**Student:** 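Once you've had a glance at the structure underneath, I'll fire off some questions.
Since we're looking at a predicted model, the values are computed, not measured. Side chains are part of it too, since the values below use all heavy atoms of this structure and drop only hydrogens, waters and symmetry mates.
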Amino acid sequence: MTTSPGPQSGREPTDSGRQRQNWVERRRTKIRDEIDRNRRGEYRVPTWVLALALVLIVGGWLALIFLA
C-alpha cells in the first residue's frame, strides 16, 4: 500500500497563492503610489464626483425655477 505525501512545510506556494500574493503586492504598490501623488498635490477628483456635483447644481437650479 502506498501513501501520498502530506503537506510539507517547505513546499512552494501554489499558483493561486502566488497569484494572490502578486495581486496584493500590486494593490499595495498602487495605493502607496496614489498616496505619494496626493501628498505632492497631484490628486484628481474622480469623474463620478464631478458628475454628481453637476447633477446637484442643475437639479438645484431646476428646483429654484419650477418651485419658486
Side-chain angles (χ1 to χ4, degrees):
M1 178 166 108
T2 60
T3 59
S4 61
Q8 301 171 356
S9 60
R11 283 180 50 186
E12 293 281 326
T14 62
D15 285 340
S16 63
R18 211 174 290 135
Q19 288 174 352
R20 178 159 174 75
Q21 184 179 10
N22 289 338
W23 178 83
V24 169
E25 287 301 318
R26 284 193 310 268
R27 181 74 178 142
R28 282 184 184 151
T29 302
K30 187 176 178 181
I31 292 170
R32 196 174 300 124
D33 291 344
E34 183 178 355
I35 291 170
D36 289 340
R37 279 193 307 274
N38 291 345
R39 286 181 178 163
R40 288 191 305 263
E42 299 175 16
Y43 58 89
R44 295 182 297 179
V45 179
T47 305
W48 67 268
V49 173
L50 295 174
L52 180 63
L54 179 63
V55 167
L56 290 174
I57 291 169
V58 171
W61 275 105
L62 291 174
L64 184 64
I65 292 169
F66 289 115
L67 297 177

**Student:** Membership question, hydrophobic clusters at under 4.5 Å side-chain separation (ILVMFWY): are Trp48 and Leu50 in the same one?
**Tutor:** yes
**Student:** Determine all donor-acceptor pairs shorter than 3.5 Å in which one atom belongs to a side chain in residues 22-33; sequence neighbours excluded.
**Tutor:**
unit_1: Asn22; atom_1: ND2; unit_2: Arg18; atom_2: O; d: 3.4
unit_1: Glu25; atom_1: OE2; unit_2: Arg28; atom_2: NH1; d: 3.3
unit_1: Thr29; atom_1: OG1; unit_2: Glu25; atom_2: O; d: 2.9

**Student:** Leu64 versus Trp61: any side-chain heavy-atom pair under 4.5 Å?
**Tutor:** yes
**Student:** Do Leu62 and Leu54 belong together in a cluster built from hydrophobic side chains that touch within less than 4.5 Å?
**Tutor:** yes
**Student:** Apply side chain to side chain donor-acceptor pair (under 3.5 Å) to Arg44 and list each qualifying residue two or more places apart in sequence or on a separate chain.
**Tutor:** none
